[in-house]
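Since the structure comes first, as structure tokens, the remarks are kept for the end.
Chain letters run A, B, ... following the sequence lines, proteins first and then strands; every chain starts at 1.
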Amino acid sequence: MKSELPVFNLDYRPDTAGHFGGYGGKYVSETLMAALDDLNLAWQKLRKDPEFLAEFDYDLSHYVGRPSPLYHAKRLSAEVGGAQILLKREDLNHTGAHKINNTVGQALLARYLGKSRVIAETGAGQHGVASATVAARLGMQCVVYMGEVDIHRQAINVYRMRLLGAEVREVTSGSATLKDALNEAMRDWVTNVDNTYYIIGTVAGPHPYPQLVRDFNSVIGREARRQMQEQFGCLPDALVACVGGGSNAMGLFHPFVDDTDVPMFGVEAAGRGLETGQHAAPLTAGRVGVLHGNKSYLMDDDNGQILHTHSVSAGLDYPGVGPEHSWLKDTGRAEYVAIDDKEALAAFHQLTRTEGILPALESSHAVAYAVKLAASMPTNKLVLVNLSGRGDKDVHTVAELEGIEL
Amino acid sequence: MSRMNRLRQCFDTLATTGRTALVPFVTAGDPSVDTTVDIMHALVDAGADIIELGIPFSDPMADGPVIQLSSERAIERGVSLTTVLDNVHSFRQNNQNTPVVLMGYLNPLYRMTFSVFATKAATAGVDAVLVVDSPPEESSEFEACLKQADISMIRLVAPTTTAERMRLIAKNAGGFIYYVALKGITGAGSSNNETASSLQRIDTMRELSGLPVAAGFGIKDAESAAAWAQVADAVVIGSALVTRLAECSSSEQACDTVKSFLAPIRTAMDNVHK
């Protein structure tokens, strides 16, 4: 069995109150404070517990199927004609995305805390499927909250969750997308806090969620770092990952944060274009505020009301972003850019055609930016892209956008 | 009368007569923008001692469907934090005595900036604020601004709050303590005042903070209000009233609804002998 213990060795962020610089924290109702404190206490202990980490590591190897390959996309690179594009194949994980890294870890945590019921919110459905999967495996009751709009555009994932024994509850309030599903999951948690564990799917929410979701996903960056050394004998010349809430990006970036000569690019959804206001790019075009238990960049109007977002990919359709990304942006350690719906769709086709890999529409945003970036670099440079999920779930959406009836 | 004094005066007066404060909650701008100030006056006429006025927010995580939908409707009508402050200002033209507490979420206040909000709220005649997602740990800047403007920060205590946190909350609280009577969201289920831990928490908070304690969440009628009036210094009623107001199409109808809804509650609470 591979072992890279101690797993979570970057201990200096966040501070003990969950702050990344001025971001993060615990902006929640008093009712949730005790549950968050319990969770934090457990996590600060378990993240250094060799037995817990070994169990997590075992599940990643034998249930998730890790390590995921680092694949040199040679035909795509040749077509682009610039730097070599390397894909971290999180799409090959069990359930088809990086989301399972986190849910496997949080399910272990839920069991440790003695909870019999888990709840989750989901946008694209990947986190919902990953949560339903681990709940099935551990014999736990599972309820997934999902916006009405997303239920429509991710019908296959809804059915998968139901097959796995989860109850999918439709959320019709607000914009009926990911942010509203998150509100509803929080309401459930407040009400059922005694027996329920809330599996948050991204590096946002109140402390300790941004830290623990990052910790579980940082296996991506640790593997990528080692694979770079093994396959190329060096570190990459750039990292690229898409950012909705930011868990796949944080998972890739975190083990590289101290490698200051490796530039990191987070790719947000520019939707119909930043200038139209119909996008989901808080780091690129938003400002600082407080939403869903943490202080971070977000999208709101001048009255402080959270805006409805738009992206072709349900998983990026979120007005907030994890606080550690806000900190990386302000410190200049990472750069955040945006790719619109059309560019993402073009990248979806390009990767499918040149490499035989269907990327998720979320990941297609990262591929699109990597293609742009690589084109501006010499052929001996290496651009590492996190291919966070597979695109099978999006085939319907793509067909519909292109006027094809299936 | 200074603002700090308005709340204290209210509770002092009630204490001498052995009464419990009735604190209705309404969302500003619902059922319409024009009715809010009329409704506030009607609340006072129907026996309200303190008014809780909700600042509509797009993502009210601690609220149930009733207040959530009410907030969505108000936002659609263009109601903002500025509108809410204007409502209080208008109300104060004809009422100098009834304390007004604004209840809401942090982002609209953060966007206005805490110092501008505190100044404007003080000018409008706001006595206190209750911001659901601004716990003591994250509030130092906000608290400083409120303090300077002589506005109290109402703090929540939940059935899950530990003894250690109760001390922290008591230290940072002003006006009164708001005891969340159930594990859940506003308007959900019904709360039970019989539990020993609720009674103990209310007593502990009264002792630690030296402030009166209000109970809210899940209190919806004369019976539940009277039950909580036995143990708390104030009783908050929100969703049950907001539900009824939502069906009103005119100011007169809304004011009549307020009177007919609150009258039996007021009577039941006044029949409680502590």
Side-chain angles (χ1 to χ4, degrees), chain A residues 16-19 22-38 171-175 179-196 205-207 287-296 298-308 319-320, chain B residues 55-65 68-69 71-72 74-76 78-84 104-113 117 131-139 142 155-162 164-166 168-169 178-180 182-186 188-189 217:
Chain A
T16 53
H19 296 119
Y23 302 110
K26 225 168 12 175
Y27 294 84
V28 295
S29 168
E30 183 57 33
T31 317
L32 286 177
M33 275 295 179
L36 288 171
D37 286 346
D38 286 351
V171 178
T172 54
S173 59
S175 57
K179 83 172 175 72
D180 309 285
L182 214 150
N183 290 334
E184 214 51 48
M186 280 280 183
R187 292 183 183 114
D188 181 314
W189 197 32
V190 170
T191 309
N192 302 297
V193 67
D194 291 334
N195 73 340
T196 298
H207 181 62
R287 53 188 169 185
V288 178
V290 174
L291 176 68
H292 292 151
N294 68 100
K295 185 188 275 187
S296 194
L298 52 72
M299 289 168 54
D300 67 353
D301 66 17
D302 289 341
N303 295 318
Q305 307 295 353
I306 306 305
L307 291 170
H308 292 195
Chain B
I55 307 163
F57 181 50
S58 53
D59 294 76
M61 284 193 317
D63 284 297
Q68 191 187 334
L69 290 171
S71 301
E72 280 180 19
I75 292 168
E76 263 170 48
V79 174
S80 66
L81 180 52
T82 305
T83 323
V84 180
Y105 294 80
L106 197 57
N107 201 58
L109 285 67
Y110 181 84
R111 185 58 59 227
M112 181 178 272
T113 77
F117 166 74
V131 183
V132 178
D133 55 352
S134 185
E137 290 91 336
E138 307 287 356
S139 297
F142 187 25
R155 288 281 170 209
L156 294 168
V157 170
T160 49
T161 304
T162 59
E164 191 189 343
R165 284 192 59 78
M166 281 199 262
L168 173 74
I169 291 165
Y178 190 128
Y179 181 69
V180 178
L182 56 77
K183 283 179 205 171
I185 49 181
T186 55
F217 282 49

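- Proximity to chain A is absent for every atom of Val131(B), based on heavy atoms less than 4.5 angstrom apart.
- Proximity to chain A (any heavy atom under 4.5 Å) is shown, for Met112(B), by neither the backbone nor the side chain.
- In this structure a side-chain-to-backbone donor-acceptor pair under 3.5 Å is missing from Glu137(B) to Gly25(A).
- Under the 3.5 Å distance criterion, the side-chain polar atoms of Arg155(B) are left unmatched by any main-chain donor or acceptor of Met166(B).
- Looking at Leu298(A), the atoms closer than 4.5 Å to chain B (heavy atoms on both sides) all sit in the side chain, from C-beta outward.
- Counted by atom type alone, Glu72(B) and Ser173(A) present zero donor-acceptor pairs between their side chains at under 3.5 Å.
- Heavy atoms of Ile169(B) lying under 4.5 Å from chain A belong exclusively to its side chain.
- Side-chain N/O atoms of Tyr105(B) and Asp63(B) include a donor and acceptor closer than 3.5 Å.
- Put simply, of Leu307(A), Asp300(A), Val193(A), the one with the most heavy-atom pairs under 4.5 Å next to chain B is Asp300(A).
- Interface remark: Glu138(B) contributes backbone and side-chain atoms alike to the contact with chain A (heavy atom separation under 4.5 Å).
- Around CG of Asn195(A), the count of heavy atoms belonging to other residues, nucleotides or ligands within 6.0 Å exceeds 12.
- Side-chain atoms of Ser80(B) and Arg111(B) form no donor-acceptor pair, as typed in the model, at a separation below 3.5 Å.
- Pro159(B) does not touch chain A: none of its heavy atoms, backbone or side chain, sits under 4.5 Å away.
- Residue Asp188(A) does not touch chain B at all, counting heavy-atom pairs closer than 4.5 Å.
- Chain A forms the most heavy-atom pairs under 4.5 Å with one residue out of Ile185(B), Asp59(B), Val132(B), and that residue is Asp59(B).
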* Please assess Asp133(B) against His292(A) for the test side-chain hydrogen bond (donor to acceptor under 3.5 Å, both in side chains), listing each intermediate value before the final yes or no. => CA-CA 9 Å; Asp133(B) 55 352; His292(A) 292 151; over 6 Å; no

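- Using a 4.5 Å cut-off between heavy atoms, Phe57(B) contacts chain A through both its backbone and its side chain.
- In this structure, the portion of Asp302(A) lying under 4.5 Å from any heavy atom of chain B is its backbone and not its side chain.
- Side-chain contact between Pro135(B) and Leu156(B): absent, with no pair of heavy atoms (C-beta onward) separated by less than 4.5 Å.
- The contact between Ile306(A) and chain B is made by backbone and side chain atoms together, counting heavy-atom distances below 4.5 Å.
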